[in-house]
**Student:** 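Here it is: the structure, laid out below.
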Number of protein chains: 2
Amino acid sequence: MDQNLIDFTTQVVDECLPGKSIDCVIIGFEKQQLKVLLLKWKYEDIWCLPGGFIRKDEDMDQAAQRILEMRTGLKSVYLNQFYTFGSKKRSRLNEEVQLTRMRHVLEEIHGKNEKFVTWITQRFITTGYFALVDIRKTAPHPDMLSDRCEWKSLSNIPGLMMDHKEIILKVMEHLRVQLNYLPIGISLLPQKFTMQDLQKLYEAILKKPLERSNFQRKMLKLGFFIRHEKQLTGAANKAPYLYSFDEMKYNELIEKGIGFRY
Amino acid sequence: MDQNLIDFTTQVVDECLPGKSIDCVIIGFEKQQLKVLLLKWKYEDIWCLPGGFIRKDEDMDQAAQRILEMRTGLKSVYLNQFYTFGSKKRSRLNEEVQLTRMRHVLEEIHGKNEKFVTWITQRFITTGYFALVDIRKTAPHPDMLSDRCEWKSLSNIPGLMMDHKEIILKVMEHLRVQLNYLPIGISLLPQKFTMQDLQKLYEAILKKPLERSNFQRKMLKLGFFIRHEKQLTGAANKAPYLYSFDEMKYNELIEKGIGFRY
DNA sequence: GCAAAAGTGTTCTCTATACACCCATGG
DNA sequence: CCATGGGTGTATAGAGAACACTTTTGC
């Protein structure tokens, strides 16, 4: 296990571009709540976004893809770049507070690969990517520096490293503004879902309630839904229809932007 | 003059972050056409976006600000990051074709500062910024590697270095999608303008004609225009009113996004 | 007077919104 | 029976699109 860490840090220093990183905001939707995938640092109570570095022989987009796959097991999901964070204060881990908080991990590595600690504590410019995934299809997996990898509700984010909180906020703003051009429905929901699921998803992103009956009619009029048999929920009320997307039509419309006002 | 070039290249290598650059798409509007500010390489018939590097002690945003000011003389105009280009093929100048085309410049520098040529021909990741400026207030100024700095019509862009054409296309797409959230009117037009000017601006960005009378009414209803005396154009027709923006109201609405459909 | 562009008006359609109403389900 | 949430209907206000009409200007 120790050898793994040494190999990993050596590889990073030798094969990756210095001073440039990628952070992924991997977003899911479960129990009517938006969630984000986070990693917890070994030994310390501090969390961070799944991130990584760009190999010298790899496109930045490929690197993001690779990082996403390593943390979730997922290939070919919606993944897009949204912003690059370049504040001069952005040095990975080298701020006083950070150093103190991550002392244990860095000390462990320092004993094994001093070069890596120098490499990783320099100033970094990070490019943020966001992915929209179906939580139920993911198999979260921590990286070499973390011991936990979990879905956290957006309304209840733990203490984050550096500016990672800011990065998440930026994504949420991006989601809201670009909503009409993003395949949120098809990416975040399970194959079959109810109109209520979809509405709650929109409400979570827009952070405001929408009128139930109008939402349903507006959505259905878009014409990319397939209606299935009803689902008996066991609740004391009428059972809702299940829907799925006509993927062709859905993607076509999302490309152009569904001209919606909320 | 030679000493300047040596000083410049030495400074860049010593004081800037390696492998990271900034390219600015500086956009203006004149004679009812969108224009972009471009530089022409010394000795060669190849053009490029105004760009530069990030000093080790400077935020990325500050660097973009500095580059913009050096090329246009402008401070505090609308300037925003829009995308980061990280293809592995993105090495500044080191592709065969590029090397051939830029032979003269590189040879000149090579004789004076070999280190710089190595530094600048490595793989670069560049972050694109776009600025919206009033052309009439700019004083274009070439950089150390170029001998011309000019406004070029978007419909007639000369041969560009590397992926700079792609970068410009990406900006235009961004403008279209984000239109309701961008202060295009106040940034690109002179202080006083006619409704036709504004309409032509929107049409240039959206690349489609808009209905004159409806455009006028919709715009005026937004409530951030100040109407001034009429302007006699000398043409054989009714003189149009001049307008300016109520900056407070304009910026407020742009923040939220003017809920427009075109 | 005439052509051309500006400004305003009118009509029709479509959308958004609010809310009423009935339906299905389990207790 | 009732309470709860689902699905559909309807009425009203406002936005968008097309186009008619009038006004102003220089020739």
Side-chain angles (χ1 to χ4, degrees), chain A residues 31-33 176 179-180 185 189-190 192-244 253 256-262, chain B residues 31-33 176 179-180 185 189-190 192-244 253 256-262:
Chain A
K31 300 209 184 104
Q32 311 203 332
Q33 286 203 306
R176 221 165 298 137
L179 191 49
N180 279 326
L189 295 175
K192 291 187 182 180
F193 54 91
T194 67
M195 267 302 149
Q196 191 185 197
D197 294 333
L198 188 61
Q199 185 180 338
K200 293 297 174 186
L201 173 54
Y202 273 87
E203 290 179 339
I205 292 173
L206 294 166
K207 286 201 250 184
K208 72 173 183 187
L210 301 171
E211 212 283 330
R212 182 185 58 88
S213 62
N214 292 331
F215 179 83
Q216 169 139 290
R217 225 163 329 110
K218 268 164 45 171
M219 277 294 163
L220 288 177
K221 188 147 45 157
L222 292 175
F224 48 55
F225 291 94
I226 301 165
R227 182 179 273 186
H228 301 277
E229 77 290 357
K230 293 200 174 198
Q231 173 194 45
L232 290 185
T233 56
N237 51 42
K238 190 173 177 178
Y241 286 112
L242 286 180
Y243 294 92
S244 63
L253 254 171
K256 297 182 199 164
I258 60 181
F260 242 58
R261 203 162 304 163
Y262 303 95
Chain B
K31 301 208 184 100
Q32 310 203 332
Q33 285 203 308
R176 221 165 300 136
L179 191 50
N180 279 326
L189 294 175
K192 291 186 180 179
F193 54 91
T194 66
M195 267 302 149
Q196 190 185 196
D197 294 334
L198 188 62
Q199 185 181 338
K200 294 296 174 188
L201 173 55
Y202 272 86
E203 290 179 340
I205 293 173
L206 294 166
K207 286 201 250 182
K208 72 173 184 187
L210 301 170
E211 212 284 330
R212 185 185 56 86
S213 61
N214 292 331
F215 179 84
Q216 170 139 292
R217 224 162 333 108
K218 268 164 45 170
M219 278 293 163
L220 287 176
K221 188 147 44 158
L222 292 174
F224 49 56
F225 291 94
I226 301 166
R227 182 178 270 186
H228 300 277
E229 76 289 358
K230 294 199 172 200
Q231 172 194 44
L232 289 186
T233 56
N237 51 42
K238 190 172 176 178
Y241 286 111
L242 286 180
Y243 293 92
S244 62
L253 254 171
K256 296 182 201 165
I258 61 183
F260 242 57
R261 203 161 305 160
Y262 302 96

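Every chain is numbered from 1, with letters handed out A, B, ... down the list of sequences. Keep in mind that the numbers below use all heavy atoms, side chains included, and drop hydrogens, waters and symmetry copies.
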**Student:** Could you give the CG-to-P distance, from A/Leu210 to D/dG5, as a whole number of Å?
**Tutor:** 17 Å
**Student:** When the nearest nucleotide of DNA chain C is assigned to A/Lys230 and to B/Arg227 on a heavy-atom basis, which residue is associated with the more 5' position?
**Tutor:** B/Arg227
**Student:** Any idea how B/Tyr243 and B/Phe193 line up, ring-wise: parallel (<30°), tilted (30 to 60°), or perpendicular (>60°)?
**Tutor:** tilted
**Student:** Could you give the NZ-to-P distance, from A/Lys218 to C/dA18, as a whole number of Å?
**Tutor:** 10 Å
**Student:** Return yes if the base of C/dA18 and the side-chain atoms of A/Asn214 contain a donor-acceptor N/O pair under 3.5 Å, otherwise no.
**Tutor:** yes
**Student:** Rounded to whole Å, please give me the gap between CD in A/Gln32 and P in D/dG5.
**Tutor:** 11 Å
**Student:** Here's a test of your reading of the structure: between A/Met195 and B/Ala239, which maps to the more 5' nucleotide of DNA chain D?
**Tutor:** A/Met195
**Student:** From C-beta outward on A/Gln216, which listed nucleotide comes closest to its side chain: D/dT8, C/dA16, D/dT24?
**Tutor:** D/dT8
**Student:** Between A/Glu211 and A/Ser213, do the side chains contain a donor N or O and an acceptor N or O under 3.5 Å apart?
**Tutor:** yes
**Student:** Round to a whole Å and report the spacing from CZ of A/Arg217 to C1' of C/dC19.
**Tutor:** 11 Å
**Student:** Between B/Lys200 and B/Glu203, is any pair of side-chain heavy atoms under 4.5 Å apart?
**Tutor:** yes
**Student:** Within the structure, does a side-chain N or O atom of B/Lys221 lie under 4.0 Å from either OP1 or OP2 of D/dA15?
**Tutor:** yes
**Student:** Which nucleotide, C/dA6, C/dA16, D/dC19, lies nearest any side-chain atom of B/Glu211?
**Tutor:** D/dC19
**Student:** Looking only at non-hydrogen atoms, find the nearest pair between B/Gln199 and B/Leu210 and report the distance.
**Tutor:** NE2-O, 2.9 Å
**Student:** Which sits closer to the 5' end of DNA chain C, A/Arg212 or A/Ala236, going by the nucleotide each is nearest to?
**Tutor:** A/Arg212
**Student:** It should be established whether B/Gln196 places a side-chain nitrogen or oxygen under 4.0 Å from OP1 or OP2 of nucleotide C/dA6.
**Tutor:** yes
**Student:** As a test of reading the structure: which of C/dG7, D/dT8, C/dA24 is closest to the side chain of B/Pro240, going by heavy atoms?
**Tutor:** C/dG7
**Student:** If I take atom CE from residue A/Met219 and atom CE from residue A/Met195, how far apart are they, to the nearest 0.5 angstrom?
**Tutor:** 7.0 Å
**Student:** Can you tell me how far C1' of C/dA24 sits from NZ of A/Lys238, to the nearest Å?
**Tutor:** 6 Å
**Student:** Under 4.0 Å, heavy atoms only, any strand: does B/Ser213 hit a base, just the sugar-phosphate, or nothing?
**Tutor:** base
**Student:** A/Glu229 CD to D/dG6 P: how many Å, rounded?
**Tutor:** 17 Å
**Student:** Rounded to whole angstrom units, what separation is found between the OH atom of B/Tyr241 and the C1' atom of D/dT24?
**Tutor:** 10 Å
**Student:** Take atom CZ of B/Phe215 and atom P of C/dA5, then tell me their distance rounded to the nearest Å.
**Tutor:** 17 Å
